[in-house]
S.K.: 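Sharing a structure, written as structure tokens. Questions coming.
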Amino acid sequence: MTKKPFFITTPIYYVNDAPHLGSAYTTIAADVLSRHYRGQNTPVLFVTGTDEHGKKIADSAAAKNQKEHIFVDAVSKQFKATWAALNIHYDTFIRTTDEVHIKNVQNQFELLKEKDLLYKGTYEGLYCVSCEEYKQPDDLMEGGLCLIHRRKVEEIKENVWFFKLSGFATTLKKLIEEGTLVIEPERRRNETLGWLKEGLRDLAVSRSKVKWGIPLPWDKAQTIYVWADALLNYHTARAQAWPPDVQIIGKDILRFHAIIWPALLLGLGLNLPKKIFAHGFFTVAGHKMTKTLKNVVDPVALCKKYGVDTLRYFLLREFPFGDDGDFSEEKLQQRYKNDLQHDLGNLVQRVLTMEEKYTVKIEPGIAPRCAQAELHTERLEFDKALIEIWNLVRGANELIDREKPWVLSQTDPHKLATVLKTLHRMLETIGAGLEPYLPETASRIKALLAGGRSAEPLFPPLK
RNA sequence: CGCGGGGUGGAGAAGUGGAAUCUCGGCAGGCUCAUAACCUGCAGACCGUCGGUUCGAAUCCGACCCCCGCACCCA
């Protein structure tokens with residue numbers, strides 16, 4: 001019997017623009033987790049992808065004078081290229097324009113209808129004819145003017161299909177409280193329970209005015225609401241791994257994943273994901289990262305400048321996954337200089353140099369694992385896992401200073417060999433522990449320890 | 001209004017009843033195997049405010065002040 005793969009998902013990313021640091025953050029975290037499990041010989045299903053329907057995307061395509069499918073092909077490709085640049089090893093890349101996904105969404109909607117969970121109702125809202133979309137009262141200027149077009153929004157009604165979300169509040173609350181559906185960090189769980197306590201409203205799950213989307217099978221004039229379409233991607237990708245073990249999301253989309261998504265699954269009679277983990281957000285040099293501020297950070301550019309592993313390290317080390325934090329290139333450089341270049345890079349260099357200089361030959365061994373780090377990784381405490389590994393790095397540096405191999409080489413060759421062997425093993429442990437986080441560095445360390453030479457230091461000084 | 005989170009040395013954080021910890025930065029010293037790296041030590045916080053519980057509170061309780069997020073745009 002084959003073991004059910006450990007099923008990890010990221011959200012599928014909306015392709016109305018190129019990938020940015022935030023999507024990279026989520027995806028790197030998922031990659032680290034899946035590399036960790038693969039390293040334990042646990043089969044993994046790691047799914048990511050792109051969300052390609054909806055009016056915003058039709059608009060973005062139109063702005064470029066492109067057909068929708070041409071546009072989404074291009075951006076989706078860009079996401080794949082970004083993940084390749086970031087060393088992300090996913091198993092499945094789902095696109096919501098995939099034929100198999102469209103079929104699946106339509107089938108699931110048929111099923112919801114059969115189960116009497118959909119009904120036709122009236123959606124009312126403030127509509128801007130120029131934007132062709134509904135506005136929230138908060139999004140409007142005084143006098144009910146659309147911010148973008150400065151024209152008065154209209155109160156309109158349309159007939160759409162509703163999902164009976166309201167009926168699931170009690171069940172969801174129970175499932176979350178008893179821990180069947182785990183939501184982490186705890187504050188996000190509390191937040192979700194708070195929403196449930198306030199009660200749920202039924203959800204409009206079709207749109208009569210959005211053309212670029214999946215048609216409702218029985219009412220082809222309407223398309224399926226993009227979030228319902230998008231959430232079902234996880235089910236399309238399921239393989240033999242249902243349900244997901246961990247679904248990593250950003251805190252902004254908690255409501256969709258902690259409420260709408262499980263309600264849909266309950267409605268469909270499917271098992272719920274075991275855990276939903278909502279991570280925090282970056283500010284950029286203290287400011288919210290938004291397109292209007294033009295401070296959106298391009299992860300690929302950072303990789304080119306500092307190396308993939310530097311970016312992966314910084315993002316996961318700088319602050320706890322789940323908390324908010326701040327990104328700045330200065331901070332990234334600090335981390336590079338202190339942690340990677342000086343602590344780790346220099347340590348590897350000095351140990352290898354001593355082995356060579358004092359002609360001590362050390363056979364490759366089986367490195368003890370860093371169990372503490374692994375435990376933290378499984379809890380998605382990536383920063384703590386890295387701190388554990390760096391405690392080993394620091395420990396090795398301290399050991400060198402304490403034992404003074406350069407003295408031992410004159411006085412006690414036997415002890416010298418023992419000390420260098422200990423250090424060598426420590427580096428093996430460090431290298432292995434780093435594999436999920438810094439895969440490139442880990443394999444370079446491994447090669448160096450096995451006797452390979454390299455002219456290029458692990459982390460050269462920044463220019 | 002309400003709900004959720006948060007306010008700890010110059011900066012960023014850990015710490016949920018019992019000698020205030022870590023990293024960066026600053027200062028001083030040591031070492032020479034090493035990528036001007038590494039190691040050691042020092043200075044620096046009355047833990048948002050006020051009040052309470054307790055032998056004892058950053059940690060529990062109450063009030064208040066300030067910051068951030070909150071339903072179909074967004075990792």
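Every chain is numbered from 1, with letters handed out A, B, ... down the list of sequences.
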S.K.: Is any N or O donor-acceptor pair between the side chain of A:Tyr225 and the base of B:rC72 shorter than 3.5 Å?
M.R.: yes
S.K.: When you measure from the side-chain N and O atoms of A:Gln349 to the phosphate of B:rU35, is any distance below 4.0 Å, counting only OP1 and OP2?
M.R.: yes
S.K.: What is the distance from CZ of A:Arg187 to P of B:rG4, rounded to the nearest Å?
M.R.: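 Computing the A:Arg187:CZ to B:rG4:P distance gives 14 Å.
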S.K.: Taking atom P of B:rG4 as reference, at what distance in whole Å does atom CD of A:Glu186 sit?
M.R.: 12 Å
S.K.: Please state how far atom CZ in A:Arg188 lies from atom P in B:rG5, giving the value in whole angstrom units.
M.R.: 9 Å
S.K.: At under 4.0 Å between heavy atoms, what does A:Glu398 touch on the DNA or RNA strands: base, sugar-phosphate, or nothing?
M.R.: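 The answer is sugar-phosphate, as A:Glu398 gets under 4.0 Å only of primed atoms, P, OP1 or OP2.
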S.K.: Write down the distance between CG (A:Asn346) and P (B:rA34), rounded to a whole number of angstrom.
M.R.: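 Whole-Å distance recorded here is 10 Å.
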S.K.: Atom CD1 of A:Ile224 and atom C1' of B:rC72: how far apart are they, to the nearest Å?
M.R.: 16 Å
S.K.: Is the distance between the ring centroids of A:His279 and A:Tyr25 under 6.0 Å?
M.R.: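 Ring-ring flag for A:His279/A:Tyr25: true, centres closer than 6.0 Å.
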S.K.: Partner lookup for B:rC38, please. Criteria are Watson-Crick or G-U wobble with both distances under 3.5 angstrom; report none if nothing qualifies.
M.R.: B:rG30
S.K.: For B:rG5, does OP1 or OP2 lie under 4.0 Å from any side-chain N or O of A:Asn190?
M.R.: yes
S.K.: Checking A:Arg335 against A:Phe314: charged group under 6.0 Å from the ring centre and within 45 degrees of the axis?
M.R.: no
S.K.: Just by modelled atom types, is the A:Ala29 backbone N or O under 3.5 Å from a matching donor or acceptor in the A:Arg312 side chain?
M.R.: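 Flag not set: sc A:Arg312 to bb A:Ala29 has no pair under 3.5 Å.
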S.K.: In whole Å, what is the span from the CG atom of A:Leu165 to the C1' atom of B:rA71?
M.R.: 11 Å
S.K.: Is the phosphate of B:rU23, meaning OP1 or OP2, less than 4.0 Å from a side-chain N or O of A:Arg394?
M.R.: yes
S.K.: Output the rounded distance in Å from CG (A:Asp323) to C1' (B:rG6).
M.R.: 10 Å
S.K.: Using the ring pair (Phe, Tyr, Trp, His ring centres under 6.0 Å) rule, take A:Tyr234 and A:Trp261 through it: C-alpha gap first, then chi angles, then the decisive distance, then the call.
M.R.: CA-CA 10 Å; A:Tyr234 305 126; A:Trp261 170 230; 5.4 Å; yes
